> 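Here it is, the structure, as structure tokens.
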Amino acid sequence: MITITLPDGAKKQFDAVSVTPLQVAQAIGPRLARDAIGALINGQLADLSTPIGQDAAVAIITAKATDTNAVYLLRHSTAHVMAEAITRLFPAVRLAYGPPVETGFYYDMELSQSIREEDFPRIEAEMEKIVAENRPFTRYELPQQAALAKLEQEANPYKLDNAQRALAADPQAVISFYATGEPHKNWEDLCRGPHLPATGRIGAFKVTSVAGAYWHGDASKQQLQRIYGTAFFSRQELESHLALIEEAKRRDHRVIGKQLGLFTISPLVGSGLILWMPKGGVVRQELENFMRLELIRRGYNSVYTPHIGNINLYKTSGHYPYYKESQFPTIKMKERDGMDESEYLLKPMNCPHHIQIYAAEPHSYRDLPIRLAEFGTVYRFEQSGELSGMTRVRGFTQDDAHLFCTTEQVEAELRSTVDMVLLVFKTLGFTDYQCRVSLRDPASDKYAGDPTLWDRAEATLRKIVKDVEIRHEEAIGEAAFYGPKLDFLVKDVIGRQWQLGTVQLDYVLPERFALEYIGADNSPHRPVMIHRAPFGSMERFTGILIEHFAGAFPTWLSPVQAVVLSISEKFVAYAQEVNSALLAAGVRSELDVADDKIGAKIRRAREQKIPYLLIVGAKEMEAAAVAVRTRKDQDLGAMPLAAFIEKITTEISTRALNEAK
């Protein structure tokens with residue numbers, strides 16, 4: 001007898017040696033059996049045909065776009081269908097690896113001829129045929145040696161490598177294959193699964209792009225072609241997604257950044273290293289000024305630290321060698337000075353440096369909390385294929401701070417740091433956000449420190465998110481090696497989710513560096529450390545802001561806040577007078593007195609997304625006024641110059657968002 005526990009706690013019993021999720025669904029009702037596409041068996045995603053040989057908790061999965069497990073099944077299965085279609089059209093192809101990803105799926109493959117965008121309709125047409133055939137996804141397993149022999153016979157080094165790696169990681173691993181139809185007769189692929197019941201359950205799909213890739217991301221290995229696609233359960237969902245992609249292209253910060261002169265990347269400087277141009281520098285400076293004012297209000301002290309540090313600093317903290325693969329190679333001083341055995345590292349984190357500032361002086365409990373803040377630049381080695389504009393870089397500046405406090409002060413300080421993150425979101429118009437409570441995986445050995453302190457830290461973070469009533473979810477295994485954290489996930493104006501801001505609670509690094517303060521009992525005590533960065537990375541945050549606002553920043557953030565446009569040469573002097581008044585009032589203003597028609601000047605200003613266009617001619621000069629238009633071509637009419645200055649300076653000082661919406 002097998003007892004199946006359902007999500008609502010109800011139990012179903014089956015008098016059999018084994019039962020499948022499909023049989024469970026049939027026992028619940030015919031409609032659920034018809035709609036079922038997969039199942040969770042004791043929390044693990046599985047096929048409907050998976051045999052269950054003992055008591056288990058089972059949840060049936062149906063085709064819902066909001067269910068990440070359902071979408072995984074759909075996209076994983078569609079990746080197989082695309083691979084089969086490509087195999088039909090290009091028989092010489094050697095398939096490598098094809099997983100589902102956040103926005104769809106891809107398949108890496110080796111093929112001597114390049115697959116181009118014009119091939120996509122042919123591939124999609126072949127996929128439609130496979131879907132129409134409604135063949136089942138059939139899983140079968142082979143003994144390890146038989147599986148390896150099969151792969152060797154097929155002469156696909158990538159699939160053989162996948163199997164060998166799986167066995168190296170787990171010598172007891174099961175090697176499985178999936179056929180779309182009948183094993184050894186229809187197309188099949190080495191795969192762990194799971195999949196939809198049949199190809200006919202696939203809804204709408206599209207092949208979206210092609211790119212280069214290396215096997216296992218190693219540039220010394222064979223270069224492959226990576227074919228991307230996406231799939232949804234309905235045509236309407238697909239069309240909405242494709243519209244979102246087009247809108248995302250329109251908002252691409254790499255394109256807008258160049259158009260507006262915000263940043264550049266020079267191959268002579270190096271990949272992944274951002275050069276902030278003057279207008280981009282204004283945006284960054286305004287963000288920093290906003291944050292610096294908050295730091296003063298909240299009792300932080302600014303510090304500055306070098307861009308490199310002795311390797312022993314990071315060995316003590318644990319950042320080296322824990323994050324060794326994502327750090328630049330060490331600088332060996334012996335190469336320049338034979339007597340110097342020391343090694344240095346481009347700073348990967350600010351926290352060890354701030355710890356040394358705390359440790360430089362003795363502290364009493366009366367001194368705490370001590371809040372050290374720095375816009376500190378750090379360096380991470382990202383693979384060249386992972387670099388992307390401002391959002392994935394090798395050098396970036398964090399609005400970093402580290403708080404040293406007593407155990408009794410932890411909750412209040414955490415609330416304050418969370419409040420600062422939420423203030424940033426409110427100021428910049430991010431209204432759809434949630435918090436991920438990133439916890440350790442008790443089964444992993446990557447986490448340092450006393451499990452009792454980890455339990456305390458995790459309980460504290462859970463309490464904080466409940467107290468501040470922020471929408472949240474827990475993520476096991478996502479904690480930093482030294483402590484649990486709150487990661488803030490924000491949706492931008494077109495619904496894409498980004499991670500912005502983090503707050504981390506740390507009992508480990510104070511222990512590793514033997515930090516102390518003298519308590520009221522006149523004995524030494526260990527402080528607790530809080531890491532926090534509301535913006536995260538200035539580069540990444542600015543890149544996201546560019547896309548969120550499509551370059552049309554709110555007035556307070558705009559590099560140029562107003563432009564004065566003269567109708568003709570006769571009014572240049574008055575235009576200069578208006579511009580001077582704006583500059584004197586602290587408004588970032590520019591002057592366009594070129595010998596062009598006013599229509600051309602307006603188009604130029606709107607292309608640069610300047611919030612306010614001030615047109616001056618005879619009437620305006622006579623009335624000491626300006627004719628005001630917005631970058632959205634709203635005509636606000638004539639306005640006394642003094643009134644406009646009051647309007648725009650109020651908008652700037654209050655960091656209003658109204659014009660940017």
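Keep in mind that this is a model prediction, so the values were computed, not measured.
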> Quick one: salt bridge (Lys or Arg N to Asp or Glu O under 4.0 Å) partners of Arg440, sequence neighbours excluded?
Asp455, Glu458
> Answer yes if the side chains of Thr5 and Lys11 hold a donor-acceptor pair under 3.5 Å, and no otherwise.
yes
> For Asp47 and Thr50, indicate whether the former's side chain and the latter's backbone hold a donor-acceptor pair under 3.5 Å.
no
> Can you check whether Cys405's main-chain N or O pairs, donor with acceptor, with Gln409's side chain at less than 3.5 Å?
no
> Given 3.5 Å as the limit, does a donor-acceptor pair link the side chain of Gln398 with the main chain of Asn350, or not?
no
> Taking everything shown except Lys446 itself, do over 12 heavy atoms lie less than 6.0 Å from its NZ?
yes
> Please tabulate, for the side chains in residues 60-67, all donor-acceptor contacts under 3.5 angstrom to protein atoms that are two or more places apart in sequence or on a different chain.
from, atom 1, to, atom 2, distance (Å)
Asp67, OD1, Asn69, N, 2.9
Asp67, OD1, Ala70, N, 3.4

> Looking at residues at least two apart in the chain, or sitting in another chain, which of them share a salt bridge (Lys or Arg N to Asp or Glu O under 4.0 Å) with Lys249?
Glu246
> Do side-chain atoms of Lys12 reach the backbone of Val24 as a donor and acceptor pair under 3.5 angstrom?
no
> Taking side chain as C-beta onward, heavy atoms only, is Tyr320 less than 4.5 Å from Ile311?
yes
> Considering residues at least two apart in sequence or located in another chain, which fulfil the side chain to side chain donor-acceptor pair (under 3.5 Å) criterion with Glu474?
Arg462
> Give a yes or no answer on whether the side chain of Arg512 reaches the backbone of Ser317 with a donor-acceptor pair at less than 3.5 Å.
yes
> To the nearest 0.5 Å, how far apart are CD in Gln356 and NE2 in His353?
9.0 Å
> Without hydrogens or angle criteria, can the side chains of Glu343 and Thr330 be said to hold a donor-acceptor pair below 3.5 Å?
yes
> If you define the side chain from C-beta out and look only at heavy atoms, does anything of Val421 sit under 4.5 Å from Val503?
yes
> With sequence neighbours excluded, tell me which residues meet ring-ring contact (aromatic ring centres under 6.0 Å, His included) with Phe513.
none
> Verify, without hydrogens or angle tests, whether Tyr482 (side chain) and His319 (backbone) share a donor-acceptor contact under 3.5 angstrom.
no
> Is the shortest side-chain heavy-atom distance between Met291 and Phe375 below 4.5 Å?
yes
> By the side chain to side chain donor-acceptor pair (under 3.5 Å) test, which pairs, at least two apart or in different chains, include something from residues 370-382?
Thr305-Glu374, His307-Tyr379, His354-Glu374, Arg371-Glu413, Thr377-Thr397, Glu382-Arg392
> Looking at CG of Leu486 and CG of Leu461, how far apart are the two atoms once the value is rounded to the nearest 0.5 Å?
4.5 Å
> When you measure from the side chain of Arg532 to the backbone of Asp399, do you find a donor-acceptor pair of N or O atoms at a distance under 3.5 Å?
yes
> Between Thr417 (side chain only) and Leu414 (backbone N and O only), is there a donor and an acceptor less than 3.5 Å apart?
yes
> Verify, without hydrogens or angle tests, whether Asp487 (side chain) and Thr502 (backbone) share a donor-acceptor contact under 3.5 angstrom.
no
> Answer yes or no: is there a side-chain heavy-atom contact under 4.5 Å between Asp467 and Lys463?
yes
> Assess, by modelled atom type and distance only, whether the side chains of Arg540 and Gln499 contain a donor and an acceptor separated by less than 3.5 Å.
no
> May I ask you to establish whether Arg75 and Phe232 are in a cation-pi arrangement, using a distance under 6.0 Å from NZ or CZ to the six-membered ring centre and at most 45° from the ring axis?
yes
> May I ask you to test the Leu500-Phe488 pair for a side-chain heavy-atom distance under 4.5 Å?
no
> Within the distance-only criterion (no hydrogens, no angle test), does the side chain of Asp35 pair as donor or acceptor with the backbone N or O of Leu32 below 3.5 angstrom?
no
> Please name all residues satisfying ring-ring contact (aromatic ring centres under 6.0 Å, His included) with Phe430, sequence neighbours left out, ordered by chain then number.
His548
> Could you pull out all residues at least two apart from Arg298 that satisfy salt bridge (Lys or Arg N to Asp or Glu O under 4.0 Å)?
Glu294, Asp419
> Could you list the residues that satisfy ring-ring contact (aromatic ring centres under 6.0 Å, His included) with Tyr517, not counting sequence neighbours?
His525
> Minimum heavy-atom separation for Ala448 to Val508, with atom names?
O-CG2, 3.2 Å
> Under a 3.5 Å threshold, yes or no: a donor from one side chain and an acceptor from the other, between His253 and Glu547?
yes
> Go through the structure and list residues passing salt bridge (Lys or Arg N to Asp or Glu O under 4.0 Å) with Arg192, not counting sequence neighbours.
none
> Tell me which pairs pass ring pair (Phe, Tyr, Trp, His ring centres under 6.0 Å) where either residue lies in residues 56-76, with sequence neighbours left out.
Tyr72-His76, His76-His80, His76-His195
> Compute the centroid of each ring, for Tyr358 and then for Phe404, and state whether the two points are separated by less than 6.0 Å.
yes
> So, do Ser302 and Tyr300 sit near enough that their side-chain heavy atoms are less than 4.5 Å apart?
no
> Residues in ring-ring contact (aromatic ring centres under 6.0 Å, His included) with Tyr365, at least two apart?
none
